Amino acid sequence: MTETAVGDLVFSFRNTQIQAIGVVVEECQLHPKPEEFGTAGANWDNEGWLVRVDYSELNHPIRPKDHIDFLRPLLPSKYSPLQANGNGLQSVYLAPVPLGLAQALIELLDDQVEEVLYAYMNQARLSENQSEKNKFSNTSLPPVSTDSEKIVKIRVGQSIFRMRVAQLEEKCRITGVNDPRFLRASHIKPWAHSDNFERLDGNNGLFLSPHVDLLFDKGFISFSDDGSILISPQLPQDVVSTWQILSNLQPQSFNPEQAKYMAYHRKEIYLP
């Protein structure tokens, strides 16, 4: 519960099905046990953790047990949200979902997850615009802060982008690390220079180790269309050697859409 962050995606599993998708809208906080619980959880402490989530019911729920042969290899060894036979775990109330498992669930749900996230992003934008109107239409009202709405919108966008990058890039092209916990989804054409489509386009991203992401973001390295690394003459040689930037990995060519973004990076970001 305490590890949740605003904008995180939540799969709601009940009655053997994933029936809803939620978005975390507030930071976790201590809170008294809700009166609605009644006698349920009589042995629980009166104070616990509260995470507020906006849920959207799915039109076409899925039953993970029907797809367990597909999902089983992706289940974590500890704190898994599902048993190996596809049944839920009563002892697990909220569990982290590894990226690979999340991608598989999203694939099984077809486009429903993205529909929920897009709807939430649009709602956040409308709320933000309305708050701005309120500030100008009624000067007696104090300014309405929309910081939390902006954070949610950014986090949701990052979630969509990361999932899309993972469908194209399986590892860091320099270090070879393929564990997504230690990789960053880096925009090729920077977020600030991209339009809304480009910001969420998986072709506009790479999975990079943090130190490689830093060099790529600052223009100290780039890539040719065939995947070969380009090292800026402005990058000190001791950094190249210490960080082992000259990779022994076989270069992997970019697809045509990725190549368009990489051309922008070489022209506008890379340091000659």
Side-chain angles (χ1 to χ4, degrees), residues 5-9 21 23-25 99 102-103 106-107 111 113-129 131-132 146-175 180 182-232 234-235 251-272:
V6 172
D8 279 352
L9 188 69
I21 295 296
V23 177
V24 175
V25 296
L99 181 60
Q103 290 174 311
I106 290 171
E107 180 178 339
D111 296 327
V113 175
E114 289 190 358
E115 288 174 1
V116 169
L117 295 180
Y118 274 124
Y120 197 86
M121 291 174 68
N122 287 334
Q123 183 59 45
R125 187 187 74 250
L126 291 173
S127 297
E128 181 179 333
N129 291 341
S131 296
E132 291 297 319
T146 60
D147 287 348
S148 62
E149 293 165 352
K150 292 177 182 177
I151 291 172
V152 168
K153 187 163 64 172
I154 291 172
R155 287 276 299 186
V156 169
Q158 289 173 338
S159 297
I160 295 174
F161 177 69
R162 185 176 180 85
M163 292 172 189
R164 289 180 172 176
V165 172
Q167 293 174 351
L168 300 169
E169 299 282 311
E170 61 180 16
K171 62 185 178 182
C172 174
R173 288 172 174 262
I174 302 299
T175 65
F182 306 107
L183 296 174
R184 293 180 178 173
S186 179
H187 281 85
I188 300 172
K189 182 178 181 180
W191 171 279
H193 301 168
S194 299
D195 59 31
N196 288 337
F197 173 81
E198 294 170 334
R199 288 173 176 175
L200 300 182
D201 185 6
N203 291 296
N204 187 22
L206 296 175
F207 262 162
L208 299 175
S209 298
H211 66 297
V212 179
D213 172 65
L214 172 66
L215 297 179
F216 184 75
D217 182 63
K218 299 296 184 183
F220 289 109
I221 64 171
S222 190
F223 295 91
S224 300
D225 288 350
D226 65 359
S228 301
I229 187 172
L230 301 174
I231 299 178
S232 168
Q234 299 189 41
L235 181 63
Q252 181 180 351
S253 297
F254 294 102
N255 69 44
E257 294 303 315
Q258 289 175 310
K260 293 178 183 178
Y261 289 112
M262 196 58 67
Y264 178 95
H265 188 274
R266 290 194 299 266
K267 179 180 179 181
E268 301 294 339
I269 308 300
Y270 181 62
L271 301 173

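All values below come from the heavy atoms of this structure, side chains included, with hydrogens, waters and symmetry mates left out. Since we're looking at a predicted model, the values are computed, not measured.
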#### Entry: Listed partners of Lys171 passing salt bridge (charged side-chain N to carboxylate O under 4.0 Å, His left out), at least two apart
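Lys171 satisfies salt bridge (charged side-chain N to carboxylate O under 4.0 Å, His left out) with no other residue.
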### Message
According to salt bridge (charged side-chain N to carboxylate O under 4.0 Å, His left out), who are the partners of Asp225, at least two apart in sequence or on a separate chain?
### Response
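Asp225 satisfies salt bridge (charged side-chain N to carboxylate O under 4.0 Å, His left out) with Arg266 once adjacent residues are dropped.
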Rounded distance (nearest 0.5 Å) linking atom [atom1] of [X] with atom [atom2] of [Y]:
X	Y	atom1	atom2	answer
Gln167	Ile106	CD	CD1	8.0 Å
Phe216	Cys172	CZ	SG	11.0 Å
Lys189	Lys267	NZ	NZ	11.0 Å
Ser186	Asp217	OG	CG	6.0 Å
Arg173	Phe207	CZ	CZ	12.5 Å

Can you list everything that forms a side chain to side chain contact (heavy atoms under 4.5 Å, CB included) with [X]? Sequence neighbours excluded, please.
X	answer
Ser232	Gln234, Tyr270, Leu271
Asn203	Leu168, Asp201, Asn255, Glu257, Gln258, Tyr261
Lys218	Leu214, Phe220

### Task
Spell out, as yes or no, whether a donor-acceptor pair under 3.5 Å connects the side chain of His187 to the backbone of Asn204.
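Pair absent, no side-chain N/O of His187 close to backbone of Asn204.
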### Message
Has Asp8 got a side-chain atom pairing as donor or acceptor with Val24's backbone, closer than 3.5 angstrom?
### Response
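Such a contact is absent between Asp8 side chain and Val24 backbone.
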### Task
Using side chain to side chain contact (heavy atoms under 4.5 Å, CB included) as the criterion, point out the one residue from Leu215, Val212, Ile221 that pairs with Ile229.
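Per the side chain to side chain contact (heavy atoms under 4.5 Å, CB included) rule, the option paired with Ile229 is Ile221, out of Leu215, Val212, Ile221.
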### Query
Do Thr175 and His211 have side-chain heavy atoms sitting under 4.5 Å apart?
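Answer yes - side chains close enough.
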### Task
Would you indicate whether the side-chain heavy atoms of Leu206 and Phe223 approach each other to under 4.5 Å?
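They are in side-chain contact.
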### Query
Where is the tightest heavy-atom contact between Tyr264 and Pro190, given as atom of each residue plus distance?
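That would be CE2-CD, 4.0 Å.
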### Task
Looking only at non-hydrogen atoms, find the nearest pair between Pro180 and Arg162 and report the distance.
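Closest approach of Pro180 to Arg162: O-NH2, 2.5 Å.
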### Query
Residues in side chain to side chain donor-acceptor pair (under 3.5 Å) with Ser228, at least two apart?
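Per chain and number, Ser228 pairs via side chain to side chain donor-acceptor pair (under 3.5 Å) with Asp226.
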### Message
Tell me every residue that passes ring-ring contact (aromatic ring centres under 6.0 Å, His included) with His193, counting only those two or more places apart in sequence or in another chain.
### Response
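None.
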